[in-house]
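Below is one structure; the comments refer to it alone.
Note: hydrogens, waters and symmetry copies are ignored here, and every other heavy atom, side chains too, is used. Quick note: residue numbers are just sequence positions, from 1. Since we're looking at a predicted model, the values are computed, not measured.
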Amino acid sequence: MKNKILFLLFAVAILWSCSEETAKSNKDYTAWESYLGGPDRNHYSTLSQITKDNVHELKLAWSHSVKDSGQMQMSPIVIDTVLYGVTAALKAVAINAKTGKGIWEFGDPYKQFLSTSRGLAYWEKDNDKRILYTVSSDLYALNAVTGKPISSFGTDGKIDLRSGMPDFAKDKFVISNTPGTIFKDLIIMPLRVSEGVGAAPGDIMAFNVITGKPEWAFHTIPYPDEPGYETWENKEAYKDNIIGAANNWAGMSLDAETGVIYVPTGSASPDFYGGLRKGSNLYSNCLLALDAATGKLLWYFQFTHHDLWDRDAPAPPNLITITRKGEKIKAVAQVTKQGYVYLFNRETGEPLFDIVEHPMPKSTLVGEEAWPTQPFPVSPKPFARQSFELSENDVSPYAENQEELKAMLKVADKRQYAPPNTTPVLLFPGYDGAAEWGGTSADPEDGIIYVNANEMAWILQMEENVALSSNLPLGEKTYLTNCVTCHQKDRKGLPASGFPSLLNLKEKLSKEDISTIIKNGKGMMTGFPQIKGDEKEALLQFLFGLEIKHTIVETTSDSLPHIPYKHKGYNKFLDSNGLPAISPPWGTLHAIDLNSGEFLWSVPFGETKHLKEQGFPTTGTENYGGAVVTENGLLFIGATKDGFFRVFDKHTGEILWEYELPAPAFATPAMYQINGKQYIAIACGGQKLGTKKGNQIVAFALE
C-alpha cells in the first residue's frame, strides 16, 4: 500500500482561517443551498415534519414542466423560496419552490445543448447573489434574482473553463457536468474531458467568483518539479498529445471549517490500454486533500494503480464523524465503482480500516505493464458482488438463452483486476460501477452511509488496432478512427448498452445537428472538437451516405499517435430479452455503519415490471441518482429504471411509501421547507436506459 502523507504543520493556521459564517454552512442541515444538500455532500436533512407515521400521506404539491425534455440528472438547490435547476437542454431555471411557478429561464431558446448537468452553484456577498453553472466549456455567472448574465464576470458573464489550462489544451474537449464547489470567493470546478488519445489534462482549477479569473491549478499529471512526476515512465506525459485526463468529473467535498477540499479523480487516458503511460500514474484514481485557498496538496491516496478499467472515483466523498473506542474522529469516506468504501482520517489521510495491497494478474498485451498490486480495504466488505464470485450457476433464471450465457461466463476472465485482453474479461461491477455519480447519503455525526448500487456485468475486450488503409475515403477513415468503438463498424451501435444506431441518420437529424454533436458531444458521449474542416465535412458525408467510395483524400493534419490495441466497445452482458444476464438482484440499496464496518441492512432496489406481474421476487434494477436521508429515520430516493419514487425506513430498509413518477428520475432529490412546510423535489427527465422522456420537476409535501 502506498499512502504518501504530505500534510505540513504550517498549514494548520490556514486550515482554521475560515470565517464563522463559512464554517456554519457545513452544519446547517435544514436548508438545501448547495449541491447534494451541503458542501459535505451528505444528502442529509434534519427537517422532521414528514415522519414514519405520516409519510403515507405524502401528496404531489406541485409540478413544473420545462420547455425541453429528456435526461435531467440535476439535483436542485433552494435559496429562500426559489428552486434553481438545469433542464435537459442545459437551460438554467428559477422556480417558486412553494408553487412550482416559473420565475426565469436562461439559455438560448433555439439551441439544444445535448450534454447533461447535475446542477448549479450559488454564491452571495451582501446584495450580490449569483448562480454559477456550465454550458459546454463555458462557466456562466447569472444574477440569481433576474437570471441575467453578470457582465463583469469574464466576458459578458461567462468564461471558458479552458482559460486556466496550458495553451496546448485550449482547443480540446472540456466541459463540466457537475457543479463547482464554492469556497469564499472561489469556485473549484470539476471537468469532463475525453477518454481517448489526446485528451486534455484533468487539472483541478479554481476561478474567482467575482471576476472569473483563474486563481490556482493543481496538476493531476505532475510537472517535472512536482511530487508524483516520478510515477510516469513517459516524462512528457504532462504536456504531450497522447496522455491526459486524471480529472475530477464527479464533484468534490469541502470541509468549510478547515478549508480543505477533498477531490476524487478518475483514470488517465487513453482508457483500457496503458502502454503509453506506464507507471502508477499519480494523481489519477486518487482522493486528494487540497488546501481550498491555494490548491496545495496535503495528502492523497490512490485507489487503482495504472488504471486499465476506467475505475474513476464516481461520486464526491462524504465528510462524516465516526466513533472509535469512545473517541470522535472526523473522517472522509469514498465509495468506488468496484463496490468498496475507503475511510480515512480527514486531517492526516491515515486509513481508518486497514488497506492491503494484493498481487494482481499480469497483462499479456504487447507493451502493456499492469501494476503488480492493487489496494483493498479489509472492511467494510464490498456492497456489490464481485466478478470472481460468479460461476455458470449465476446466470439469470429468467434468461431464455441460458446455455449461451453459461458458455460466456465459463470462458470470460473473472479474476479481480483481470487486465484487458483480446479475449473477454467480465467487468463486474461494470463500467458505470456499483456506486455511480448519484453519490452516497450519510448521517454525518453517526457515521452511517447509505449507498445504492448497480449490479450490471459488462464484457471488456480489446482487439489489435490495425492501421487503416490509406485507400479509405477520408470520412470513413475518420469514422473508423473516432466512432467505431461505440457505434460499431456497421453503424448499428449497441442500443441495448445505450449506444444508438447511426443508420438512417438523415431521417432523424440534420447535418447541422450532427455537426453540433460531433463538436460538443451528447449525453455521456464526449465531443470531438479536433475533427474540423474537410475531415468533419467528410465524416458528415459518410454518416449521411453521401461519400463517394472511390474518392481518396490525403490527410496531412496532426494525426494522433497509433496505439497497438483498441477497445471493442461497451457491451452489457445481457440475455436475449435485453435483461441482465446474471442472476438478480440487479440493483441494491445498503446501510453501512462505518464505526464498525458492519452492514446494517441490504435490500434489492427497484422492480422489473413484467417479472413482478408474473409473481417473481423483487429483482432490483439499474439505478442512477442518489438518496436524501433524514435525521428522523427516512430515506427518499428515485433513481430506478422502473420510474418510482420511494421512501425507506433508514433503520431497516423497509419501503414505507412509493409513487410512480411521470418519468423516471435519474437524479438526486432536494429537501427544503417554506413557512414551516417540508417539501422534497426531484427532476423527472427519463430517457436514460431506454425509458420514456419527461420534462417535469415535481415536489411532494403533506397536505
Side-chain angles (χ1 to χ4, degrees), residues 52 55-56 58 339 381-386 389-390 393-400 402 405 428-430 432-436 438 440-441 449-457 496 572-592 599-629 633-661 663-669 682 684 686 688-692:
K52 285 188 277 189
V55 67
H56 64 280
L58 274 180
K381 68 181 182 181
F383 53 82
R385 289 173 290 174
Q386 303 292 301
E389 298 175 331
L390 301 184
N393 296 326
D394 290 298
V395 163
S396 168
Y398 311 118
E400 296 175 357
Q402 289 198 13
L405 300 176
F428 183 65
D432 289 353
E436 40 73 28
T440 303
S441 52
I449 64 169
Y450 304 86
V451 57
N452 50 302
N454 284 305
E455 300 221 8
M456 172 60 73
K572 287 183 177 179
F573 186 39
L574 302 172
D575 69 14
S576 56
N577 292 317
L579 293 174
I582 63 168
S583 59
W586 301 323
T588 53
L589 183 62
H590 311 270
I592 308 173
F599 280 62
L600 300 178
W601 51 262
S602 296
V603 296
F605 180 40
E607 297 277 6
T608 303
K609 184 176 180 181
H610 73 277
L611 294 177
K612 181 180 181 181
E613 290 172 347
Q614 295 174 47
F616 290 111
T618 300
T619 59
T621 70
E622 288 182 88
N623 54 92
Y624 294 85
V628 169
V629 66
L634 302 177
L635 184 147
F636 297 74
I637 188 167
T640 50
K641 183 179 179 180
D642 61 21
F644 277 83
F645 190 38
R646 295 180 170 93
V647 180
F648 290 81
D649 184 325
K650 80 172 186 181
H651 300 295
T652 66
E654 176 190 359
I655 295 177
L656 301 175
W657 176 86
E658 60 183 3
Y659 180 97
E660 188 168 9
L661 296 165
F666 300 118
T668 302
I682 193 165
C684 309
K688 192 175 179 66
L689 302 176
T691 59
K692 67 178 179 180

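- Under the 3.5 Å distance criterion, the side-chain polar atoms of D649 are left unmatched by any main-chain donor or acceptor of E654.
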**OP:** Could you walk me through whether L579 and H610 pass the side-chain contact (heavy atoms from CB on, under 4.5 Å) test, one step at a time?
**Re:** CA-CA 11 Å; L579 293 174; H610 73 277; 3.9 Å; yes
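- Inter-residue side-chain proximity for H56 and V647 is flagged as unmet; no heavy-atom pair is nearer than 4.5 Å.
- Side-chain contact check for F573 versus L405: some heavy-atom pair is nearer than 4.5 Å.
- When all heavy atoms of E436 and N454 are compared, the pair lying nearest together is CG-ND2, 3.8 Å.
- K650 forms no cation-pi arrangement with Y450, by the criterion of a distance under 6.0 Å to the ring centre and an angle within 45° of the ring axis.
- Aromatic ring pairs are classed by plane angle as parallel below 30°, tilted from 30° to 60° and perpendicular above 60°; the pair F666 and Y624 is perpendicular.
- At least one donor-acceptor pair under 3.5 Å links the side chain of Q402 to the backbone N or O of S396.
- Ion pairing of K609 with E660 is absent here, as no side-chain N (NZ or NE/NH1/NH2) approaches a carboxylate O to less than 4.0 Å.
- Not a single donor-acceptor pair under 3.5 Å links the side chain of E658 to the backbone N or O of L656.
- Under the 3.5 Å distance criterion, the side-chain polar atoms of D642 are matched with a main-chain donor or acceptor of F644.
- The side chain to side chain contact (heavy atoms under 4.5 Å, CB included) test with L589 singles out one residue from N623, N452, I655, and that residue is N452.
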**OP:** Start with the C-alpha gap between K612 and T618, add the side-chain angles, then the distance that decides, and say whether side-chain contact (heavy atoms from CB on, under 4.5 Å) holds.
**Re:** CA-CA 7 Å; K612 181 180 181 181; T618 300; over 6 Å; no
Original post:
Could you go step by step and tell me if I637 and F605 meet the side-chain contact (heavy atoms from CB on, under 4.5 Å) rule?
Top reply: CA-CA 10 Å; I637 188 167; F605 180 40; 3.6 Å; yes
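- Listed for the R385 side chain is no donor-acceptor partner under 3.5 Å among the backbone atoms of F428.
- Ring geometry, F648 versus W601: the interplanar angle falls under 30°, so the pair is classed parallel (tilted spans 30 to 60°).
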